[in-house]
Structure formats: C-alpha cells, structure tokens
Amino acid sequence: MRIATLDGESLDLDVAQVQTFVHVRELPSTMDHAHTLAAQGAASGTVVVADLQSAGRGRGGKSWVSEAGAGLWFTLIEREVAPESLAVLSLRAGLAVAELTAPWCSGDVLLKWPNDVLVRESADTPFALCKSPAPTASPATLAKLAGVLVEARWRDAAVDWVAIGIGLNLRAPSNSTVGTRAAG
C-alpha cells in the first residue's frame, strides 16, 4: 500500500489510482508544473497538488491566487487519451467532481458549461464545504464549488498527454456568487 499525507490526512494512492503524487507548498500553477513533469516523461496518473498557487489560471487566460487552506488545487496528467474525447473532457471531469462532492453539499450541485461546478446555496443552507461560516447568501444564489481546466499537448497527430486541472473551493470565496474563480 502506498500512502501520501495531505493536510494531516492519509491518502491511499493505490485506491485512488495515482501513479505519482507530487505535493508542493507553493507553485505559480499546478497546471504549468504538471506540463513540465509530463514533458520530462511523468507517467499517466501523476498528480500535482499545491497548498497555494500564486498564478493559478483558467480559461481565457484568467489568473488568480489560490489561497492555502481555501481549497484543493491539483492537476492530473493522463496519457493515451483519444483526440475525439477532448471536446467533452472538461464536462466529464466536471460531472465527476459534482458526483464526488454532492454528498457533502447541502444544496444542489450543478454544472455550468464548459468548466464550472456550482452549488445552489440559500441563507439557511450556505456553501456546504465551508470550514468557516459563509457570507450571507440571498435565496437561491449559485456559488462556485470548483473549476476545471483541460489542456492537451500533441506529438505529431497524436495526443502526447492531457493535463486536467481542478480547483475545489473548500470554503466560500469572499464573493461566492457565480463568476468567482476557483483554480482550474
């Protein structure tokens, strides 16, 4: 059994099907670090986790700081990905995040095309994954639970690797309505 520790919690890498676990306290971007490792030959199933990202990024070149303790910021390297699956990969990753987080959410978990996972919150059921009280929410607001970013690198006509970045907010951002960024 291969075990990694993250924030004092033990992770069974074999059960999670993680080939290599890279945990760094601070990085500009888990996505950029994963691309560097993949270019150096990192295997499919390599996961890069950062406590803090100083230049997290997402669709359209958006950039932000992903605070330590506010979420889980990571990128997964996958190889042998069929090119025709790339068009829906961010949606499939979003569906997986929604399914895995729904049991911990007090509100409905929804997807916003192409890469956001949202949770419906209300004044009496605020952002469910918060470690501290969420900002007061008006009825039926949508808060960003997670963001997904998928980038592929090609070798000739074949996909060499895909980096799947996910930023999961563990507490509500200071402005928790749709449009707030989670690292993705």
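- No side-chain donor-acceptor contact under 3.5 Å links D116 to the backbone of K144.
- Closest approach of I77 and A42 over heavy atoms only: CD1-CB, 4.0 Å.
- When all heavy atoms are compared, the tightest approach of T20 to V18 is O-CG1, 3.4 Å.
- Between S44 and the options E80, R79, E78, a side chain to side chain donor-acceptor pair (under 3.5 Å) holds for only E78.
- Between L168 and L145 there is a side-chain heavy-atom pair separated by less than 4.5 Å.
- Put simply, the side chain of D12 gets close to the backbone of D14: a donor and an acceptor are under 3.5 Å apart.
- Other residues, nucleotides and ligands place more than 12 heavy atoms under 6.0 Å from the CD atom of E26.
- Here CZ of F21 is found 8.5 Å from OG1 of T5. Values are rounded to the nearest 0.5 Å.
- Judged by distance alone, the side chain of R2 and the main-chain N or O of Q19 form a donor-acceptor pair under 3.5 Å.
- T75 and G165 get closest at one heavy-atom pair: OG1-CA, 3.6 Å.
- For the pair R57 (side chain) and L149 (backbone), a donor-acceptor distance under 3.5 Å is absent.
- Taking both residues in full, the closest heavy atoms of A55 and S29 are given as O-CB, 3.7 Å, listed atom of the first, atom of the second, then distance.
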List the steps, then state whether side-chain contact (heavy atoms from CB on, under 4.5 Å) holds for L118 with L111.
-> CA-CA 6 Å; L118 309 175; L111 295 180; over 6 Å; no
Are D51 and H23 close enough, and set up right, to give a side-chain contact (heavy atoms from CB on, under 4.5 Å), and what steps lead you there?
-> CA-CA 8 Å; D51 294 336; H23 178 211; 2.8 Å; yes
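- The shortest heavy-atom contact between W73 and G167 is CE3-CA, 3.6 Å.
- Taking both residues in full, the closest heavy atoms of I164 and M31 are given as C-CE, 4.4 Å, listed atom of the first, atom of the second, then distance.
- Between atom CG of residue L86 and atom CH2 of residue W154 there is a gap of 5.5 Å, rounded to the nearest 0.5 Å.
- Cluster membership check: V162 shares its hydrophobic cluster with L95, using side-chain heavy-atom separations under 4.5 Å among Ile, Leu, Val, Met, Phe, Trp and Tyr.
- Ion pair R153/D160 not flagged as a salt bridge, since none of the NZ, NE, NH1 or NH2 atoms sits closer than 4.0 Å to an Asp/Glu carboxylate oxygen.
- Two different hydrophobic clusters hold V148 and V88 under the rule that ILVMFWY side chains link at heavy-atom gaps under 4.5 Å.
- Side-chain contact check for T101 versus V119: every heavy-atom pair is 4.5 Å or farther apart.
- By the rule that hydrophobic residues join a cluster once side-chain heavy atoms approach within less than 4.5 Å of another member, I166 and L76 end up as members of one cluster.
- Under the 4.5 Å side-chain contact rule for hydrophobic residues, L27 and V22 share a cluster.
- Under the 4.5 Å side-chain heavy-atom criterion for grouping Ile, Leu, Val, Met, Phe, Trp and Tyr, V97 is connected to F74 within one hydrophobic cluster.
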